[in-house]
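Because the structure is predicted, anything quoted here is derived from the model rather than measured. Counting starts at 1 for both ligands and their atoms, following the listed order.
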Amino acid sequence: MKPRTSEKASRFTESVIREMTRLAHKHNAVNLSQGFPDFPAPAEIKAAACDAINADINQYAVTWGAKPLREAIAKDFSTRYNVAVDADANLTVCCGSTEAMMSTIMAIVDPGDEVIVFEPFYENYGPDAILSGATPRFVTLHPPKSRAEDWTFDPAELAAAFNNKTRAIIVNTPNNPTGKVFTRDELLQIAALCQKWDVLCVTDEIYEHIVYEGATHVPMATLDGMRDRTITINSLSKTFSVTGWRVGWTIAPADISGAIRKVHDFLTVGAAAPLQAAGAAALSLPESYYKGLSTTYFAKRERLLGILEKAGFVCFAPRGAYYIMTDISAFGFPDDVAFARHLVSEIGVACVPGSSFYRDPASMRTQVRFCFCKQEATFAAAEQRLAKLAARV
Ligand SMILES: Cc1ncc(COP(=O)(O)O)c(C=O)c1O
């Protein structure tokens, strides 16, 4: 007899991004699919993690986060953006921003509520909404027509997505997969609608420090009237190149933090205690670290754009984060999944089929996403392998 599983779990698939990493391993392919760096994390923070274990910080931390880490996050956010954050009332440390998002949505949304999501979207947001019983409502991000433009949304479509059932909107800026950095003006439009409809804004700001060519990251919580209705999500993963540490957090008004803490406690109890201690050390790195991060990623962006364009891809140059969405129409494959499978098994390079970032995978079959959080040897190997593909165009 086939054991019964929940209806909820049947409504989404396994992560396509993580599946592409497994396929990359299977085919010994260059992995430009899942967004994790293949170069070392800063030496100072690795030393801090070793020190913490040697100092026997090996037992459960306070469930909503070790105080030194909460204090370091509160200090960083309030000094950087001039928004008061109380480490005791507003902060919850979670197992990565993945758990932070899930705990948040479970804490603020009831079955029947609607949650607005920009599409294409980071694939976790769909299952987050389904598991909390919410109905996601999508607003389209349209690709730019030239290098001078960014992805855009239609303000009328956004306004029409809000109604009496809307409980929250998820904003991810800088954005994965598009690389869009929402402008202050766009965020003000979202903020006005949140205030008009009494809606909470959940912002995933995990690529906060990875922006290019003068783009500025504006946290939603800094806009007038938004601090009390914004849940800001972030993590160590991308800023400090430690995606496997699983340390993230939420910054939220006190009562919302209380609800998030309860969900978080029963989901995971807490993030790894020694890595929370190292997180506090990471947040005390000098400002030059963050500048260096953006500069390094800009060079990597240029390198991968060059490789992909030479191989025949039409690329959307990102303003932030570390992904490049591309159009693959020119290659003449039936769809993006067939293309991604060919690329990983025959060419030896893994990417993510773009349809996994859309609600209806059949609606978008001509895009794939590559990541550039990689070292030069990885780019060189990808360049060599993609030459075989270029020959097809
Ligand atoms: C937009 C976005 N949010 C969240 C995550 C997951 O982050 P974490 O490692 O903190 O769980 C990712 C990872 O790729 C991401 O791109």
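On a distance-only criterion, Y125 and ligand 1 share no N/O pair closer than 3.5 Å.
For the pair R369 and F357, the cation does not sit on the ring face, since its NZ or CZ is not both under 6.0 Å from the ring centre and inside 45° of the axis. A cation-pi arrangement, defined by a distance under 6.0 Å to the six-membered ring centre and an angle within 45 degrees of its axis, is present between K180 and F182. In this structure, K238 fails the cation-pi test against F36, since its NZ or CZ atom is not both closer than 6.0 Å to the six-membered ring centre and inside 45 degrees of the ring normal.
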For residues 138-148, tabulate all N or O donor-acceptor pairs below 3.5 Å that involve a side-chain atom, not counting sequence neighbours.
unit_1 : atom_1 : unit_2 : atom_2 : d
T140   : OG1    : E157   : OE2    : 3.4
S146   : OG     : A148   : N      : 3.3
R147   : NH2    : E309   : OE2    : 2.9

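The single protein non-hydrogen atom nearest to atom 3 (N) of ligand 1 is D204 OD2, 2.6 Å, given as residue, atom name and distance. Scanning the protein heavy atoms around atom 6 (C) of ligand 1, the nearest turns out to be T98 OG1, 3.4 Å. Distance from atom 13 (C) of ligand 1 to its nearest protein heavy atom, with residue and atom name: K238 NZ, 3.0 Å.
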request  = Just do the ring pair (Phe, Tyr, Trp, His ring centres under 6.0 Å) check on Y297 and Y207 with the steps written out, would you?
outcome  = CA-CA 11 Å; Y297 273 126; Y207 299 102; 8.9 Å; no
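Taking every heavy atom of N176 and a limit of under 4.0 angstrom, the matching atoms of ligand 1 come to 1 (C), 15 (C), 16 (O). Listed by atom number, the atoms of ligand 1 under 4.0 Å from S237 heavy atoms are 8 (P), 9 (O), 10 (O). Set against the non-hydrogen atoms of S235, the atoms of ligand 1 under 4.0 Å away are 10 (O). The atoms of ligand 1 that sit less than 4.0 Å from any heavy atom of Y207 are 1 (C), 13 (C), 14 (O), 15 (C), 16 (O). Under a 4.0 Å criterion applied to the non-hydrogen atoms of R246, ligand 1 contributes the atoms 8 (P), 9 (O), 11 (O). The atoms of ligand 1 that sit less than 4.0 Å from any heavy atom of Y323 are 14 (O), 16 (O). Close approach to N172 involves these atoms of ligand 1, each under 4.0 Å from a residue heavy atom: 1 (C). Atoms of ligand 1 found under 4.0 Å from any heavy atom of G96, numbered from 1 in the order shown, are 10 (O), 11 (O).
Residue contacts with ligand 1, taken as heavy atom pairs separated by less than 4.0 Å, do not involve E99 at all. Contact annotation for S97 and ligand 1: heavy atoms of both the backbone and the side chain come within less than 4.0 Å of the ligand.
Using a 4.5 Å heavy-atom cutoff, the side chains of F370 and V349 are in contact. Residues L386 and L343 are in side-chain contact: their nearest non-hydrogen atoms beyond the backbone lie under 4.5 Å apart.
A tilted orientation is assigned to the rings of F118 and F153, their planes being inclined by 30° to 60°. Ring geometry for F240 versus Y290: interplanar angle over 60°, hence perpendicular rather than tilted (30 to 60°).
No salt bridge links E71 with K75; every basic N to acidic carboxylate O contact stays at or beyond 4.0 Å.
For atom 5 (C) of ligand 1, the choice among W245, F121, Y122 with the nearest heavy atom turns out to be Y122.
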